[in-house]
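Inspection log for the structure reproduced underneath, given as structure tokens.
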There are 2 protein chains.
Amino acid sequence: MNEHPLIARRSLATELTGRLRDMIVEGTLKAGDKISEPDLCALFGVSRTPLRESLKVLAAEGLVELTPNRGAKVARIAPEAVEELFPIMGMLEALAGELACTRLTESDLARLETMHAEMVGHWQRGEWVPYSRLNRAIHEEIFRIAGNATLAALYQSLMVRIHAVRFVARKTPERWAEAVEDHERMMTALRARDGAALSALMREHLRHKADVVHEALTQNLI
Amino acid sequence: MNEHPLIARRSLATELTGRLRDMIVEGTLKAGDKISEPDLCALFGVSRTPLRESLKVLAAEGLVELTPNRGAKVARIAPEAVEELFPIMGMLEALAGELACTRLTESDLARLETMHAEMVGHWQRGEWVPYSRLNRAIHEEIFRIAGNATLAALYQSLMVRIHAVRFVARKTPERWAEAVEDHERMMTALRARDGAALSALMREHLRHKADVVHEALTQNLI
DNA sequence: GACTTGAATTTTGCATTCATTATTCATTTT
DNA sequence: AAAATGAATAATGAATGCAAAATTCAAGTC
């Protein structure tokens, strides 16, 4: 059925919003950077109208700061804001875990087991980048299994806001081991389909993550 | 100090965003309504540029649906989306309650006691509108006490999304009594500064609220 | 009479233009 | 020389203009 999917048509503003969001998240545009409308217009070859529309959207998302008559800057996330976000994200992860337990199929579990094993392998070999990627993928998979699209989208949007601290969060060996240990416990709870336990574990896992970031933020400022 | 506060300057787009959001939340613009750019421009006496910017922002907030080349409609919230939102809001309320318990001062508690007593009075006299207003105020107060601005803002933005169901949620006498009972228990937990208990209660309270809405949605469609 | 077809009209997306507000930089003043 | 003033320049905010797309509606076909 529906062999010919709708031809996706995006407005320039929508396209720009995505590209700029990527540039901010990937660090091409750094926190605090002034965003010059003329420069970006030249870069993308569009006029100011769609660019300004997308800047307004990014401002609503909290990625850009708009000051009247003074233009746009890439939002500089305050350490306090990060510390406010982590408990929230912890709760969302907890909910995701709880829901995931109620809907988990055998194939879901098998997939998670594979991903988990692979992630642990990367940890054992000290491969930070692929470890991070799988870590992220596992969390996303749990949200997918949870089956609450609004929840997943909300988590995603909060995750984007703290993009700046991703690089800061270089874990010490102890912290890294702690994170892997958290994941081991999470897998145990998943196998038992113990929603309450998984929920609590995921919240604790996020609390640990918050600690890591807090340490990084208080030691060497970004 | 600072007798002359900064003169707040808002762009037309910002002003429009606020006004349109109010119109949608208050029901002046109803869910599913087509939003005609020329009409609204005439209504507010502005050109299309700032109006379009504000529509883009409202679309990002989920209040408006924009279809390429086909204009804007007031977003029609799907029952599934409502059911996805309630567990999320429940978690956020739970977090707010937990945090509030750790920061609650005597004067905070006194204020909540007053509000609660007044709200119960309205319930006893069957005064729905002032009851609702105080109910809302109490929840907002708990978020204020929690001291996490990001959390409060997030809750607020989700609350706005389900504006449409506010009117549906005409409680039956039993449901109304249940809600008041929930609030009684919440006050008890607050007095004892029992964060875990309050957290659980607030989540349950939201679950009840979700039930009321679910009943309304399945019986008579909006 | 219901269903197409296609021109006329309206609406939308984007570029351009104009007015207003910042910013920069040279000049003057202390 | 440092600070203050003001002209020149650049950037932003908003309106207008224009091309492309969608909608409307009347005429034609089955």
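Just so we're clear, the structure is a prediction, and the values are computed from it rather than from any experiment.
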Which label fits B:His205 and B:His183: parallel for a plane angle under 30°, tilted from 30 to 60°, or perpendicular past 60°?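 It falls in the perpendicular class, over 60°.
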Rounded distance in Å - [atom1] ([X]) to [atom2] ([N]):
{"X": "B:Leu51", "N": "D:dA15", "atom1": "CG", "atom2": "P", "answer": "10 Å"}
{"X": "B:Leu55", "N": "C:dT11", "atom1": "CG", "atom2": "P", "answer": "15 Å"}
{"X": "B:Lys73", "N": "C:dT11", "atom1": "NZ", "atom2": "P", "answer": "14 Å"}
{"X": "A:Glu53", "N": "D:dT12", "atom1": "CD", "atom2": "C1'", "answer": "15 Å"}
{"X": "A:Phe44", "N": "C:dC14", "atom1": "CZ", "atom2": "P", "answer": "15 Å"}
{"X": "B:Leu12", "N": "D:dT16", "atom1": "CG", "atom2": "P", "answer": "12 Å"}

Which protein N or O atoms sit under 3.5 Å from an N or O of nucleotides 22-24 of chain D?
residue, atom, partner, partner atom, Å
D:dA22, OP1, A:Arg9, NH1, 3.3
D:dA22, OP1, A:Arg9, NH2, 2.6

Phosphate oxygens OP1/OP2 of D:dA15: is one of them under 4.0 Å from a side-chain N or O of B:Ser47?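 Checking B:Ser47 against D:dA15: at least one side-chain N or O falls below 4.0 Å of OP1 or OP2.
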DNA chain C: 5'-proximal contact among A:Arg48 and A:Ser11 (nearest heavy atom):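 Of the two residues, A:Ser11 wins.
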Side-chain donor/acceptor pairs under 3.5 Å, residues 152-160 of chain B, sequence neighbours excluded:
residue, atom, partner, partner atom, Å
B:Tyr155, OH, B:Glu93, OE2, 2.3
B:Ser157, OG, B:Leu154, O, 2.9

Where do A:Leu16 and A:Ser54 come nearest, in terms of heavy atoms and distance?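 For A:Leu16 versus A:Ser54, the nearest heavy atoms are CB-OG, 3.8 Å.
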Heavy-atom pair of closest approach, residues A:Ala31 and A:Ala75: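 Nearest heavy atoms, A:Ala31 then A:Ala75: CB-O, 3.6 Å.
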Considering heavy-atom distances to DNA chain D, does A:Thr49 or A:Gly71 have its closest nucleotide positioned more toward the 5' end?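 Looking at DNA chain D, the more 5' nearest nucleotide goes with A:Gly71.
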Mind checking what makes side chain to side chain donor-acceptor pair (under 3.5 Å) contact with A:Arg161, not counting sequence neighbours?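 Listed in chain order: nothing, the list is empty.
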Residue list, side-chain contact (heavy atoms from CB on, under 4.5 Å) with B:Leu12, at least two apart or on another chain: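 So B:Leu12 forms a side-chain contact (heavy atoms from CB on, under 4.5 Å) with B:Val46, B:Pro50.
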Flag, side chain of A:Glu84 to backbone of B:Ala149, donor-acceptor distance under 3.5 Å: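 At least one qualifying donor-acceptor pair exists.
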Sequence neighbours excluded, every pair satisfying salt bridge (Lys or Arg N to Asp or Glu O under 4.0 Å) that has a member inside residues 29-48 of chain B: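 Passing the test, one end in residues 29-48 of chain B: B:Glu37-B:Arg48, B:Glu37-B:Arg52.
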Trace of the salt bridge (charged side-chain N to carboxylate O under 4.0 Å, His left out) decision for B:Glu204 with B:Arg207: CA-CA 5 Å; B:Glu204 199 188 329; B:Arg207 202 142 40 213; 5.7 Å; no
Strand contacts (DNA chain D) in residues 32-39 of chain A, 4.0 angstrom heavy-atom criterion: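 Going residue by residue through residues 32-39 of chain A, the ones with a heavy atom under 4.0 Å of DNA chain D turn out to be A:Lys34, A:Ile35, A:Glu37, A:Pro38.
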